[in-house]
2 protein chains.
Amino acid sequence: MRKLRVPAAAALASSTVENYLKQLYRQQRAGGGMVGMGQLASAMGVVPGTATSMAKSLAEAGLARYTPRNGVRLTAAGEQLALHVIRRHRLVELFLVKVLQLDWSVVDEEAERLEHAVSDRVLERMDALLDFPTADPHGDPIPSAHGRLHEPRRLSLANCPLGRPQTIARVLNQDRDFLQFVESEGLAPGAEVTVASRIVAAGAVKLQRRRRGELSLGLAAAAAMLVAPAKPARGEG
Amino acid sequence: MRKLRVPAAAALASSTVENYLKQLYRQQRAGGGMVGMGQLASAMGVVPGTATSMAKSLAEAGLARYTPRNGVRLTAAGEQLALHVIRRHRLVELFLVKVLQLDWSVVDEEAERLEHAVSDRVLERMDALLDFPTADPHGDPIPSAHGRLHEPRRLSLANCPLGRPQTIARVLNQDRDFLQFVESEGLAPGAEVTVASRIVAAGAVKLQRRRRGELSLGLAAAAAMLVAPAKPARGEG
DNA sequence: ATTTTTACTTTGAATAGTCAAAATAGCAAG
DNA sequence: CTTGCTATTTTGACTATTCAAAGTAAAAAT
């Protein structure tokens with residue numbers, strides 16, 4: 001008799017571990033490779049010693065590689081798990097907005113708690129009910145059930161060409177107030193804007209909106225708004 | 001300057017504590033008052049020593065009264081918290097059935113995990129989306145947001161009058177196989193049946209269903225099916 | 001090169017929740 | 001009363017996660 005084959009995603013991680021994985025995944029995306037204990041610690045809101053010991057545990061569990069005084073990096077297994085957590089998070093976010101009508105500025109927060117409690121069974125239902133969406137309300141792509149993630153590289157309002165209409169594709173900053181501002185100014189994903197000018201020295205980006213007139217953004221804010229070249233609408237090309 | 005007034009339900013309990021409260025609430029309903037450490041322990045699947053120490057913690061937190069060698073009993077505060085947990089559980093169950101189309105035989109299980117992760121904000125939305133329901137898919141009444149619960153005392157298939165049509169009102173046993181059986185035999189809440197006879201010595205209850213003919217149930221199963229006298233349908237009174 | 005800084009690791013301790021196993025209380029029989 | 005049984009309580013230990021604070025290595029600065 002052969003052993004029962006257990007699904008790949010059967011690895012059970014505590015929600016603490018899930019959060020570390022998620023964070024590590026982000027950081028190693030952003031930072032290119034090894035994540036330092038200092039970064040990890042401050043991102044997780046713990047003291048550095050805690051990050052060190054968690055890094056070791058993850059390594060022991062085969063979810064990460066840890067080199068003292070150098071950093072951690074997820075293994076393939078760790079990355080898969082991270083992607084599953086991210087999938088849960090983003091699907092839940094979209095679900096909360098679409099089905100429960102919550103404001104997009106709060107769903108990140110809510111999903112943070114729910115992502116650890118949603119079973120595969122429930123997740124599949126949400127996925128189906130939402131008609132297998134590919135992005136969450138902030139424009140963040142949703143990993144597939146198999147842990148595959150396609151992140152198109154995009155320009156932002158801070159570095160896209162001037163004078164050409166752009167569609168807001170993704171908002172990187174999940175801060176509540178920021179999102180509320182973005183929404184109130186009509187800059188949610190899907191909105192169309194043109195960057196009129198940039199004064200880098202002053203750190204300001206001047207936008208031209210479709211029917212709302214001008215708006216100035218700080219450079220940091222502009223960099224958090226990813227865009228895609230707008231499809232020329234009928235009668236405009 | 002006066003202190004900010006914090007909402008009553010602000011007490012934060014770990015999910016472990018929430019589970020103990022829920023369990024305690026049930027047991028002291030069923031058993032009349034004090035709950036013994038043995039009962040609590042076996043209901044929670046822990047050793048008696050663990051129950052003792054948790055009982056003490058609950059007492060320290062003001063959620064229960066604990067008398068050594070006698071038992072625990074929830075305080076008013078503990079009962080309120082328990083009712084909030086039960087509200088979350090039951091609302092989530094109904095949501096899973098109605099919105100996510102999960103089978104009622106599995107929602108108890110799922111709600112067990114979600115009930116600790118659903119915020120008030122999310123819960124209110126579910127409540128509204130479900131149009132403020134008063135019972136979950138098993139017929140269990142849903143406590144109000146203020147922690148009030150109305151449990152009509154009901155007869156069961158094991159003790160209701162013979163020969164009179166009854167409507168299934170509530171199924172007390174949440175066991176997956178049992179629920180699947182109940183459903184497949186057309187005995188879900190809302191169904192109408194008549195108890196034809198009871199042979200107590202043999203522990204058997206014979207039912208007459210609307211258009212499905214006879215069915216025999218064990219006494220334990222019958223006792224788990226609560227009923228209400230059926231409203232005489234038009235043309236039958 | 002030697003010092004200083006910064007980042008990291010280690011160590012010791014705390015909390016929540018748990019178990020195993022030893023100690024004990026209360027009661028039931030004799 | 002004394003023995004025994006059962007339910008309960010205690011004690012000691014263990015895991016996961018965390019912090020504070022002391023120790024250390026590598027990099028930066030002089």
Side-chain angles (χ1 to χ4, degrees), chain A residues 11-24 27-28 30-74 78 81-82 85 112-113 115-117, chain B residues 11-24 27-28 30-74 78 81-82 85 112-113 115-117:
Chain A
L12 36 42
S14 68
S15 30
T16 306
V17 166
E18 288 191 343
N19 284 333
Y20 276 92
L21 293 175
K22 206 175 46 166
Q23 195 53 50
L24 280 172
Q27 305 235 228
Q28 77 183 34
M34 286 288 156
V35 178
M37 295 304 108
Q39 285 143 68
L40 180 55
S42 79
M44 295 299 298
V46 298
V47 301
T50 304
T52 300
S53 71
M54 181 52 84
K56 286 182 181 172
S57 312
L58 293 178
E60 260 182 44
L63 298 170
R65 199 73 56 74
Y66 166 65
T67 327
R69 299 206 178 251
N70 187 11
V72 246
R73 171 213 293 276
L74 295 177
L81 246 188
V85 178
E112 209 59 49
R113 321 181 66 220
E115 67 189 4
H116 308 296
Chain B
L12 36 42
S14 68
S15 29
T16 306
V17 165
E18 288 191 345
N19 284 333
Y20 276 91
L21 292 174
K22 206 174 45 166
Q23 194 52 49
L24 244 14
Q27 306 237 223
Q28 76 183 36
M34 286 289 158
V35 178
M37 295 303 109
Q39 287 143 66
L40 180 56
S42 80
M44 294 300 297
V46 298
V47 301
T50 304
T52 300
S53 71
M54 181 52 85
K56 285 183 182 171
S57 312
L58 293 178
E60 259 182 44
L63 297 169
R65 200 72 55 76
Y66 166 64
T67 328
R69 307 215 115 90
N70 187 12
V72 245
R73 171 212 292 277
L74 294 177
L81 245 189
V85 178
E112 209 58 50
R113 321 182 63 221
E115 66 189 5
H116 308 296

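Keep in mind that what you see is a predicted model, and the values were worked out from it rather than measured. Residue numbering restarts at 1 for every chain, and letters A, B, ... go by the order of the sequence lines.
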ask   = In whole angstroms, how far is the P atom of D:dT15 from the CD atom of A:E60?
value = 11 Å

ask   = Would you say B:Q39's side chain and B:Q27's backbone share a donor-acceptor pair under 3.5 angstrom?
value = no

message = Expressed as a whole number of angstroms, how long is the span from B:Q39:CD to D:dT8:C1'?
response = 12 Å

N/O (side chain, B:K56) to phosphate O (OP1/OP2, D:dT10) under 4.0 Å = yes

note = Of the listed D:dT17, D:dC19, D:dT9, the closest approach to the B:R69 side chain comes from D:dT9

task = Calculate, to the nearest 0.5 Å, the distance between atoms OG1 and CZ belonging to B:T67 and B:R73 respectively.
result = 8.5 Å

request  = Kindly point out which of D:dT17, D:dA25, D:dT9 is positioned nearest to the side chain of A:T16?
outcome  = D:dT17

inquiry  = It should be established whether B:Y66 places a side-chain nitrogen or oxygen under 4.0 Å from OP1 or OP2 of nucleotide D:dT9.
reply    = yes

query = Which of these, B:M54, B:K56, B:M37, B:R65, sits in a side chain to side chain contact (heavy atoms under 4.5 Å, CB included) with B:V72?
reply = B:M37

ask   = Do the non-hydrogen side-chain atoms of B:L24 and B:L58 ever get within less than 4.5 Å of each other?
value = yes

task = Using the heavy-atom set of chain A and a strict 4.0 Å cut-off, write down the first and last nucleotide of DNA chain C that makes it in, 5' to 3'.
result = C:dA7 to C:dT10

key: Upstream residue (5' side of DNA chain D) when B:G36 and A:T50 are each assigned their closest nucleotide   = B:G36

query = How close or far is atom C1' of D:dA7 from atom CG of B:N70, stated in whole angstroms?
reply = 12 Å

request  = Report yes or no: does A:Q28 contribute a side-chain atom to a donor-acceptor pair with the main-chain N or O of A:L74 at less than 3.5 Å?
outcome  = yes

task = Respond yes when some side-chain nitrogen or oxygen of A:S14 is under 4.0 Å from OP1 or OP2 of D:dT17, and no when none is.
result = yes

ask   = What is the distance, rounded to the nearest whole Å, between atom CG of A:N19 and atom P of D:dT17?
value = 11 Å

query = Within this structure, what is the CE-to-P distance between B:M37 and D:dT8, rounded to whole angstrom?
reply = 7 Å

key: Phosphate-side-chain proximity, A:Y20 and D:dT18, N/O vs OP1/OP2 below 4.0 Å   = yes

